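Take a look at the structure set out below.
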Amino acid sequence: MKYMALIYDAPVSRPDPTPGTPEFAAMMEPWEKLTQIYIDAGIMGGGEALMPVETATSVRVRGGKTETMDGPFAETKEQLGGFYILDCKDLDEALHYAAMIPVAETGTIEVRPVMDLG
Amino acid sequence: MGAPDNNLVAATLRMDRGRLMAALIARLGDFQLAEDCLQDAVEAALIHWGRSGVPDNPQAWLLRVAQRKAIDRFRRDARSRAYAAELAALEREDDAMAVPHDIPDHRLRLIFTCCHPALERKTRVALTLRTLGGLTTDEIARAFLDKPATMAQRLSRARKKIQTAAIPFTIPDDANLPERVSSVLTVIYLIFNEGYAATEGDAQLRVDLCEEALFLARLMWQLCPDDAEVAGLLALILLTHARRAARMDDTGGYVPLKAQDRGIWDRAAIEEGRGLVEWALAQGRVGRFQLQAAIAALHGEAASAAATDWRQIVALYRLLARMSPEPVVRLNLALARAEVDGAGQALADVDHLEDALSAYQPFHAARAELLARLDHLGEAELAYARAISLTQVRSEQAFLRGQLALVQKKRPSSRLGRSPTGR
């Protein structure tokens with residue numbers, strides 16, 4: 001069964017380090033380790049990190065009219081920063097792996113089953 | 001002709017719903033499907049048992065029919081290919097089941113599912129009561145002061161989440177066990193309470209639910225033999241359940257602890273409970289169930305109400321109140337203090353709890369008793385009347401009416417007082 005682990009955290013004020021620098025490598029290290037753990041466990045179904053919420057645009061259609069807005073859907077302290085797709089046997093296993101995400105210690109990971117349309 | 005069998009079907013379900021549900025979920029791997037198939041089997045029982053008589057083993061009959069209903073559903077279902085393995089196993093099993101057999105007990109797995117932390121706390125209790133305790137949705141709604149429709153919705157949402165989020169039907173691994181055990185213990189405790197002080201109808205005791213809680217507590221103790229709180233809960237249930245025969249008189253009336261015939265307490269259960277308490281407290285990881293069990297043990301070993309070690313009971317209640325400062329615990333602390341520091345002190349303590357417990361029957365009954373002891377008879381009458389209005393259990397109502405009559409007899413000014421010799 002596939003689960004999506006949605007990674008919510010409060011955005012940091014300082015800019016992310018530039019790719020190629022030792023600081024960037026240090027930031028990425030726990031994430032690369034985690035991804036490797038998921039691959040080794042055979043549960044890695046994909047995942048992406050998202051650019052900060054300042055880059056978000058929301059769009060909706062009301063009465064046939066498209067409304068475009070600057071910003072994320074919900075203006076809250078914690079924002080969606082990325083996600084993993086985890087292919088696990090049950091919720092206990094998914095929660096076990098989701099709890100390893102570094103952000104779990106500062107933010108919150110929402111775990112939701114992915115709808116099976118097959 | 002079907003009417004008496006409706007009762008028998010209901011009685012069978014009350015006793016064995018959990019066992020049947022667990023067996024079905026283990027076989028079908030689907031909570032809602034198990035629920036639906038058991039419901040189909042119950043409807044079949046209502047027809048067949050009325051027509052052809054009750055089978056020798058009603059539980060095995062229900063399980064077999066429920067599994068056949070599952071076979072029918074799998075065959076009908078367009079997705080049945082996904083269930084081919086289950087279907088084949090069910091068909092093989094059906095023949096074997098013609099011979100009566102013991103239903104395998106998967107209730108512990110089921111209770112871990114029902115008590116999973118991914119479910120809301122109130123939902124865990126409700127689902128366990130419905131699935132393992134076999135309470136009706138109406139009874140659970142009443143226990144929570146909810147509307148039956150609201151409770152039914154809560155239960156069906158829970159089953160849906162278990163299925164769609166794949167909450168497992170297993171005993172948790174070691175890393176998760178302590179948290180999961182604690183959640184289960186709370187639920188078992190609430191089931192025992194439900195049996196001990198039934199919210200419905202006539203009987204003070206619902207022995208089946210108490211036995212159910214005792215059974216589940218024993219299973220938990222087998223699984224977690226190093227856990228002091230598991231031992232504490234089992235001890236608490238044993239020690240409380242040991243008094244069951246004395247809690248009711250010959251006419252089904254409620255008998256309070258002080259007036260009980262201690263000669264008919266279950267000594268073997270008390271001894272087992274005491275042994276567990278001693279072992280648990282020696283582990284040095286005190287918890288609320290151990291403290292409550294220690295209090296029950298002190299009652300259990302006292303030769304009479306007067307010979308009870310109230311000072312130690314007060315000390316234990318103080319520890320308990322520090323650990324879980326709930327109003328009901330503070331009420332019990334106040335009542336224990338009445339035996340040590342007098343009814344006046346206890347009444348002052350009890351009155352502080354008015355806001356928190358104004359809808360709680362035992363609060364008013366306790367207050368009435370203290371007021372009567374202090375000869376505040378008019379106030380005692382009012383408090384008894386309030387207590388009577390708050391219980392639906394007839395034996396409790398009868399007991400409280402008896403107490404009220406005693407107060408009225410002592411009080412000449414009461415319009416209802418019958419005593420011509422009042423002071």
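Lettering follows sequence order; numbering is per chain, from 1. The structure presented is a predicted model; accordingly, all values stated were derived computationally and were not measured.
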Counting neighbours of [atom1] on [X] that are heavy atoms of other residues, nucleotides or ligands and sit closer than 6.0 Å, is the number greater than 12?
| X | atom1 | value |
| --- | --- | --- |
| Glu105(A) | CD | no |
| Phe24(A) | CZ | yes |
| Asp40(A) | CG | yes |

* Check whether any side-chain heavy atom of Thr164(B) sits under 4.5 Å from a side-chain heavy atom of Met115(A), and report yes or no. =>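 Contact flag for Thr164(B)/Met115(A) side chains = no.
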
* Please list, in residue-number order, every residue in residues 1-11 of chain A that has a heavy atom less than 4.5 Å from any heavy atom of chain B; write 'none' if there are none. =>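 Listed by number, the contacting residues are Met1(A), Tyr3(A).
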
* Asked: What closest approach, in Å, do Asp90(A) and Ala166(B) show between heavy atoms, and which atom pair accounts for it?
  ->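 Heavy-atom minimum between the residues: CB-O, 3.2 Å.
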
* Interface residues of residues 173-187 of chain B facing chain A - heavy atom cut-off under 4.5 Å ->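 Hits under 4.5 Å: Arg180(B).
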
* Could you have a look at Pro172(B), Ala118(B), Ala165(B) and say which one has the most heavy-atom pairs with chain A under 4.5 angstrom? =>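 Counting heavy-atom pairs under 4.5 Å, the top option is Ala165(B).
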
* Kindly compute the distance separating CG (Leu91(A)) from NE2 (His116(B)), expressed to the nearest 0.5 Å. =>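 Rounded to the nearest 0.5 Å, the CG-NE2 separation comes to 5.0 Å.
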
